There are 2 protein chains.
Amino acid sequence: MELNKKQLAAQGYRLTKPRQEIFAVLKHKPQSVADIFEQLQQKKLKIDKVTVYRTLENFVKLNLVAETQFKDGISVYELADHEHHHHVLCENCGRIEDICLDENLLMKAVKKSSSFLIKSHRLEFFGLCQKCC
Amino acid sequence: MELNKKQLAAQGYRLTKPRQEIFAVLKHKPQSVADIFEQLQQKKLKIDKVTVYRTLENFVKLNLVAETQFKDGISVYELADHEHHHHVLCENCGRIEDICLDENLLMKAVKKSSSFLIKSHRLEFFGLCQKCC
DNA sequence: ATATTATTGCAAATCAGTTGCAATAAGTCA
DNA sequence: TGACTTATTGCAACTGATTTGCAATAATAT
């Protein structure tokens, strides 16, 4: 997936250097703001952390990026080019694995037993990756 | 469930006024630190917010209280007198409903499709409660 | 090229949560 | 009970993540 001018312009956004760079960094893997910022610095790019926050906020609004919160309350961002899926987080090294599940049965069960109108859910797994086992 | 001296003493903890009050507040419903602190103030109790944090940390260690993180990264605490269960959070008013699910199938599926050693998981639902529908 | 306005970077503010430390109070034992 | 030991509390100051205000900058439209 590429970040292109039309796509942004359609919603009144502009295609800028920081946006392109942040998008590029996200291509590698899901990352936190701190991770992204660090990568930008390693690339010798002088992009402010505030810009990273604002850019991610916009990307999420545009459905270009998905935000996930893990245990410690820190958000991890990833390109929204996959289907709906979940994550397994390594409690030791922080590695993240994507995981796809059929949740139909689960969702049916929930809708049956809850009095709420369910609109979304979050499901994350925690454990140890192969290297850290 | 009551907070009692023996239970605490067994682990080297003491039964104090703040602990009793915080425990009492938690009896009503699951709440965040801010909620709990506000309730204590309404009761005209001069208990510091730091004490709330520390007390909850201890209660969690003692398995008296369970901590859950919702979307915004703010923890909600509730008495751990239930079995393992999940929550449905009203996106409008913040009301929380408990929900029990059979996750065996789900867990089996995950263990099969992931290379990680799964140790725990988090599953929360979001939607609208009856009043807010 | 110029005008318009979204975007950026900086500094300062905010907000949740943590830490150090001296004062206080709970439990213990004579 | 009263003195002793040590957990606990409250305050103040600190941290780390995120947000906000604003002037300078840069992307698009004319």
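All chains are named by letter (A, B, ...) in the order of the sequence lines, taking the proteins before the strands, and each is independently numbered beginning at 1. Treat the numbers as computed from the prediction; the structure is a model and nothing was measured.
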A:K43, NZ atom: more than 12 neighbouring heavy atoms under 6.0 Å: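 Enclosed.
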Length of the [atom1]-[atom2] vector between [X] and [N], whole Å:
X	N	atom1	atom2	result
A:E57	C:dT7	CD	P	12 Å
B:E67	C:dA16	CD	P	15 Å
A:Q11	D:dA27	CD	P	21 Å
A:Y77	D:dA17	OH	P	13 Å
B:Q20	D:dT8	CD	P	13 Å
B:I36	C:dG17	CD1	C1'	14 Å
A:F23	C:dT7	CZ	C1'	19 Å
A:I74	D:dG16	CD1	P	11 Å

5' precedence on DNA chain C between B:S75 and A:G12 (nearest-nucleotide basis): A:G12
Earlier contact from the 5' end, DNA chain C, for A:Y13 and B:K17: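 Whichever sits nearer the 5' end wins; that is A:Y13.
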In terms of side-chain heavy atoms, does [X] have a donor or acceptor partner in [Y] at a distance below 3.5 Å?
X	Y	value
B:Q31	B:Q39	yes
A:S32	A:D35	yes
B:E97	A:S115	yes

4.5 Å side-chain heavy-atom contact, A:E67 and A:V76: no
Nucleic acid contacts - residues 37-56 of chain A versus DNA chain D, non-hydrogen atoms under 4.0 Å: A:V50, A:Y53, A:R54
Working for side-chain contact (heavy atoms from CB on, under 4.5 Å), residues B:L123 and A:L106: CA-CA 11 Å; B:L123 173 59; A:L106 191 73; 3.9 Å; yes
Does OP1 or OP2 of [N] have a side-chain N or O of [X] closer than 4.0 Å?
X	N	answer
B:T16	C:dA25	no
A:K5	D:dT28	yes
B:R19	C:dA26	no

Plane angle bin for A:F59 and A:F23 - parallel if under 30°, tilted between 30 and 60°, otherwise perpendicular: perpendicular
